[in-house]
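Quick notes on the structure that follows.
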Amino acid sequence: MLGFIERIGRTVIEWLAGMGRMMTLLLTALLWAFVPPFRLQRLLRQIHFIGWRSLLVVVLTGVFSGMVLGLQGYYTLSRFGATAMLGPAVALSLIREIGPVLCALVVTGRAGSAIAAEIGIMRITDQIDALTVMALKPIKFLITPNILAGVITLPLLTAIVDVIGIYGGYLVGVQLLGVGQGVYFGEMQDILSMYDIKIGLYKSLSFGLIISWICSYKGFYTRFGAEGVSQAITEAVVMSSIWILICDYFWSSVL
Amino acid sequence: MIQIVDVYRSFGRQQVLKGVDLRVPARAIMAVIGRSGSGKTVLLKVLIGLLRPDKGQVIIEGTDITQLSGRRLDEIRERVGMLFQGGALFDSMTVVENIAFPLREKTKLAQEEIADKVERMLASVGLSDMGYKYPAELSGGMKKRAALARTLITGPSIVLFDEPTTGLDPILVHATHQLILDTHREFGYTAVLVSHEIPEVFDIATRVAMIHEGRIIEEGTPEEILKSSDPLIRQFIEGSLEGPIRPL
């Protein structure tokens, strides 16, 4: 009985210690962002890595999710004789919900896993210790640019998903199913507000933070060789995805 | 000079260092020998402040680094270099970029000056034509030499070597030892070298310390250690299965 209680206690302590490490890592990384020297080159490299190199997969996500929304939206709306509302339906779904979430999940799979792997390998091959020995701050050097790049890049990628998705919906709704082009865009213009775009922006900003923070953290605290790295990648992707969905619900219910 | 005074360090319930005392004179090459798991690498990490001891002092050039943190610890680290077991070269950078990295990050030298220094350092370690390669394209011996070049480029007064010859063939072991000797003569640093290479390491060390179960059991010149009558040292040097050290 005592052993069981001991195990529960140890698990709780380890969990709390992990949360503490995570928060400390985030706060330290954010604090270093304001301390010179500013590592602009490293930041640009990470923006290129997270943003530019995710572009193809993000564009494909946007096109096909927009096309699916166009198709499903048309058949649903046609039952009520409201196909004129296809444009707003596609745009609202994409901008408020599907765009930020799908984009974040895709970026987690492509860039987040790579971030965890890169930092994890640096950890197990002593490269992070080498930075410390050179009197450089590994968190400032590695984590701060990742977090800034995540927060900068995700809203931009989400905007691309939204725009491409709207055109994907246009392709199916207008070109294939015969909804009027003017109706599709006109209704969208009438109904869509700046508030909807703000919701998408807040979501994508927070998703960018979640991905870069969790994936960097998992990589930074990798242990036990190659197996540890693979475990860190899995945990990074799973944990980021779950937190993206939790955070999505939170924003949707608050805003 | 480096002085380690009564240093203890544990990981959970495992006590790795159990009161280590060691004095490394300036410009010496101190070889720390001992079995795997005897605490050699932990000792090096304590020496550079990567691990904080539970108890004891690590005095580097008159300053106890166990009491330091932040910028003051960094100031000491800037005078100390460490060659990691696997080299710890940055995978995403070429050899030249790796070697130039500490200068770019920690000094305000002009690009031409950095390029000139890197070129000279590459020549010192015999890698003049390899600067454009990435670490993954280098052999084990080349990686160690490139890592040594990166360690020495800032002119540290103390260099810590963590098993610099592990995984190399006998010729490369000798070549790496010779390189350490040559660079030691050229740059005049104090070296602490953790090694398993018995008896080769005796050829380059000016002092040798044997660590066993977290304690330094003997320290002296290579000749003194080779003549030691301590059964632990005799068994380790001879690599014998018979003696007080249990093989497994």
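Because the structure is a prediction, the values reported are computed rather than measured. Numbers restart at 1 for each chain; the letters A, B, ... are given by sequence-line order, proteins then strands.
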Between side-chain atoms of residues 233-244 of chain A and protein atoms elsewhere (two or more places apart, or another chain), which donor-acceptor pairs fall under 3.5 Å?
| unit_1 | atom_1 | unit_2 | atom_2 | d |
| --- | --- | --- | --- | --- |
| Thr234(A) | OG1 | Ser230(A) | O | 2.9 |
| Glu235(A) | OE1 | Lys218(A) | NZ | 3.0 |
| Glu235(A) | OE2 | Gln231(A) | NE2 | 3.0 |
| Ser240(A) | OG | Ala236(A) | O | 2.7 |
| Ser241(A) | OG | Val237(A) | O | 2.7 |

### Val133(A) vs Leu50(B) side-chain heavy atoms within contact, under 4.5 Å
yes
## Note on the structure
Taken to the nearest 0.5 Å, the spacing of Leu83(B) CG from Asp126(A) CG works out to 10.5 Å
### Task
With the side chain counted from C-beta on, respond yes when Glu118(A) and Asp91(B) share a heavy-atom pair under 4.5 Å apart, and no when they do not.
no
### Message
Between Ile121(A) and chain B, with a heavy-atom cut-off of 4.5 Å, which part of the residue counts as in contact: side chain, backbone, both or neither?
### Response
side chain
### Task
Against chain A, label Leu89(B) side chain, backbone, both or neither, depending on which of its atoms sit under 4.5 Å from a heavy atom there.
backbone
### Query
For chain A, which residues from residues 93-110 of chain B have at least one heavy atom closer than 4.5 Å to it?
Phe101(B), Pro102(B), Glu105(B), Lys106(B)
### Message
Can you confirm whether more than 12 heavy atoms, excluding those of Phe11(B), are under 6.0 Å from its CZ atom?
### Response
yes
### Query
Should Phe84(B) and Thr125(A) count as side-chain neighbours, where that means a heavy-atom distance under 4.5 Å?
no
### Task
State the CD-CE distance between Glu78(B) and Met134(A), to the nearest 0.5 angstrom.
12.0 Å
### side chain to side chain contact (heavy atoms under 4.5 Å, CB included) partners for Leu27(A), two or more places apart
none
### Query
For atom CD of Glu137(B), is the number of surrounding heavy atoms from other residues, nucleotides or ligands below 6.0 Å larger than 12?
yes
### Summary
The salt bridge (Lys or Arg N to Asp or Glu O under 4.0 Å) partners of Asp74(B) (sequence neighbours excluded) come to Lys137(A), Arg77(B)
